[in-house]
Amino acid sequence: MKFSLIVATLGRFEEVGNFLKSVEQCNYDNKDIEIIIVDQNETSKLDAIVNEFKNLNIIHVKSKIKGLSQNRNIGIAKATGEIIAFPDDDCEYLMETLFNVDKVFEKEKCDIVMGRIVERDGSDSLRSWPKETHKINKLNFYTRCSSITMFFKNNGKLKLNEKLGVGNYFGSCEDTDILYRSLSNGSKVIYNPSIAIYHPHYDSKKNMTEEKIYNYALGFGGFVKSNLHLDTAFLSLKVIGFHSVKAMINLLKGNSEQFKKSLIAIKGRIKGYIQYKN
């Protein structure tokens, strides 16, 4: 099948080159891959990097709009592939990534395929990923969800919620939202651990500032409000409960910095729910 890989990028250059190189090295026919780079940079610095990959089918779109979801939607509008994916501008595909995605779609006859994020050595990154293939539903989707691991059949209706995601006030959960909405609309979603994508692992304690924690938490609250149902309400209670327990543990340990961050995570989720307007 033909893939449309939509890369919304801002402020990263070498990383985009590394991603393109990883696609170039995939064991999948280049003629069945189009890469749509939606470039939000004010400069033309990315042009030279893109021009290095003459053998790849790259559509380089300049965008004056800021926001991850907005620019991924720009890419969706230009996509001609049967499968749409949203690789981050600093991730890399493994040699067999696209080949394995194609195989899973063929075998499972599904609408969405999901995989896992790995380190350079192939070990789990960011979280512990399941090692068995299984169907994704509204009970297990949240802990499997990451936009860079999701591959969608192009049904002509795919669109991200532009109120959610990096660059917006509600700064996360655009991927959670589109997956949940797809499940609500009856999409068959399969997780398969053979689908692996490399993404650099950032130290959350160093990189997750209070501002970023709050912004991400607002996004979760917005997601719940925009998809309010018994299952999302229950998910919200579980997530807030998790951060409440985390706050208590950090308080007992005397870790005031982490205690404060846990409170910010709780406050942001509640405020995001209150403030979000459909």
Side-chain angles (χ1 to χ4, degrees), residues 11-12 68-69 88 90-91 114 116-131 136-150 161 163-180 191 193 197-276:
R12 289 188 175 127
L68 182 62
S69 295
D88 277 358
D90 61 343
C91 80
M114 299 173 63
R116 61 194 180 99
I117 300 172
V118 298
E119 301 285 358
R120 291 287 187 195
D121 61 3
S123 61
D124 286 349
S125 179
L126 300 179
R127 68 188 71 160
S128 179
W129 298 91
K131 301 305 182 288
I136 296 295
N137 55 47
K138 290 184 179 181
L139 296 177
N140 64 16
F141 81 102
Y142 185 68
T143 56
R144 315 289 191 269
C145 185
S146 177
S147 62
I148 68 171
T149 71
M150 298 193 294
N161 182 344
K163 293 181 182 179
L164 303 176
V166 174
N168 296 295
Y169 179 74
F170 301 95
S172 70
C173 284
E174 78 293 338
D175 48 1
T176 310
D177 174 82
I178 197 169
L179 180 57
Y180 182 84
Y191 167 86
I197 294 164
Y198 167 74
H199 192 277
H201 180 73
Y202 302 111
D203 187 335
S204 59
K205 289 184 178 180
K206 292 181 180 178
N207 288 278
M208 290 301 286
T209 63
E210 292 180 5
E211 182 181 4
K212 186 179 286 188
I213 290 169
Y214 185 65
N215 189 238
Y216 282 13
L218 288 169
F220 179 86
F223 154 70
V224 173
K225 182 74 167 286
S226 65
N227 297 280
L228 190 56
H229 193 270
L230 282 175
D231 44 32
T232 53
F234 181 62
L235 173 64
S236 182
L237 289 174
K238 284 201 302 182
V239 171
I240 290 174
F242 168 80
H243 285 286
S244 298
V245 171
K246 196 173 176 181
M248 289 300 298
I249 291 171
N250 285 316
L251 179 63
L252 292 171
K253 287 182 175 179
N255 191 335
S256 59
E257 181 182 353
Q258 293 304 314
F259 172 70
K260 185 179 179 182
K261 286 183 176 181
S262 294
L263 292 183
I264 290 170
I266 295 167
K267 178 183 176 183
R269 283 164 170 80
I270 295 170
K271 194 165 183 180
Y273 178 86
I274 294 169
Q275 292 184 332
Y276 186 90

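When a residue number appears, it is its place in the shown sequence, counting from 1. Any value given below was found using the heavy atoms of this structure, including those in side chains, with hydrogens, waters and symmetry copies removed.
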| Distance from Ile136 atom CD1 to Met114 atom CE, nearest 0.5 Å? | 5.0 Å

| request: Mind checking salt bridge (charged side-chain N to carboxylate O under 4.0 Å, His left out) for Arg120 and listing every partner two or more places apart, or none if nothing turns up? | output: Glu92

| Got a second to check how far Ile117's CD1 is from Leu126's CG, nearest 0.5 Å? | 4.5 Å

| request: For a side-chain hydrogen bond (donor to acceptor under 3.5 Å, both in side chains) with Asn227, tell me which candidate from Thr176, Thr232, Asn161, Asp177 qualifies. | output: Asp177

| field | Partners passing ring pair (Phe, Tyr, Trp, His ring centres under 6.0 Å) against Tyr214 (at least two apart in sequence or in another chain) | value | none

| Testing Phe223, Phe220, Tyr273 for side-chain contact (heavy atoms from CB on, under 4.5 Å) with Ser236, which one passes? | Phe220

| query | Residues two or more places apart in sequence or in another chain: which of them pass ring pair (Phe, Tyr, Trp, His ring centres under 6.0 Å) with Tyr198? | reply | none

| Who pairs with Ser262 by side chain to side chain donor-acceptor pair (under 3.5 Å), at least two apart in sequence or on another chain? | none

| request: Could you check Tyr142 against Lys238 for side chain to side chain contact (heavy atoms under 4.5 Å, CB included), going step by step and ending with a plain yes or no? | output: CA-CA 11 Å; Tyr142 185 68; Lys238 284 201 302 182; over 6 Å; no

| How long is the gap from CE on Met150 to SG on Cys145, to the nearest 0.5 Å? | 4.5 Å

| query | Taking all non-hydrogen atoms of both residues, which atom of Ser123 and which atom of Asp121 are closest, and how far apart? | reply | OG-OD1, 2.6 Å

| said: So does Ala265 get a backbone contact from the side chain of Lys267, meaning a donor-acceptor N/O pair under 3.5 Å? | reply: no

| Side chain to side chain, Asn255 and Lys261, heavy atoms closer than 4.5 Å | no

| Gap between atom CG of Asp175 and atom CD1 of Ile178 - 0.5 Å precision | 9.0 Å

| message | Suppose we screen for side chain to side chain donor-acceptor pair (under 3.5 Å). Which residues come up paired with Asp231, at least two apart in sequence or across chains? | response | Tyr180, His229

| said: Could you report the tightest heavy-atom contact between Trp129 and Lys131, atom names first, then the distance? | reply: O-NZ, 2.6 Å

| task | Mark yes or no for whether Asp88, through its side chain, and Asp90, through its backbone, hold a donor-acceptor pair below 3.5 Å. | result | no

| Validation row: Leu228, Val224 side chains within 4.5 angstrom (heavy atoms) | yes

| Would you find more than 12 non-hydrogen atoms of other residues, nucleotides or ligands less than 6.0 Å from Lys260 atom NZ? | no

| message | For Leu164, is there any backbone N or O sitting under 3.5 Å from a side-chain donor or acceptor partner on Asn168? | response | yes

| With Arg269, which residues qualify under salt bridge (charged side-chain N to carboxylate O under 4.0 Å, His left out), at least two apart? | none

| request: Kindly say whether Gly222 contributes a backbone atom to a donor-acceptor pair with the side chain of Ser226 at under 3.5 angstrom? | output: yes

| said: Any non-hydrogen side-chain atom of Ser125 less than 4.5 Å from a side-chain atom of His199? | reply: no

| So with a 6.0 Å cut-off around NZ of Lys225, is the heavy-atom count from everything else above 12? | yes

| task | Look at atom NZ of Lys253 and say whether more than 12 heavy atoms of other residues, nucleotides or ligands are closer to it than 6.0 Å. | result | no

| task | Keeping the roles fixed (side chain from Asn215, backbone from Tyr169), state whether a donor-acceptor pair exists under 3.5 Å. | result | yes

| Side-chain (Asn140) to main-chain (Asn137) donor-acceptor, under 3.5 angstrom | yes

| remark: The reported gap from CD1 in Ile197 to SG in Cys91 (rounded to nearest 0.5 angstrom) is 6.0 Å

| query | Of the non-hydrogen atoms in Asp124 and Glu119, which two are nearest, and what is the gap between them? | reply | O-CG, 3.8 Å

| query | Are there more than 12 heavy atoms of other residues, nucleotides or ligands under 6.0 Å from atom CZ of Phe234? | reply | no

| said: To the closest 0.5 Å, what do you measure between CG (Leu218) and SG (Cys173)? | reply: 10.5 Å

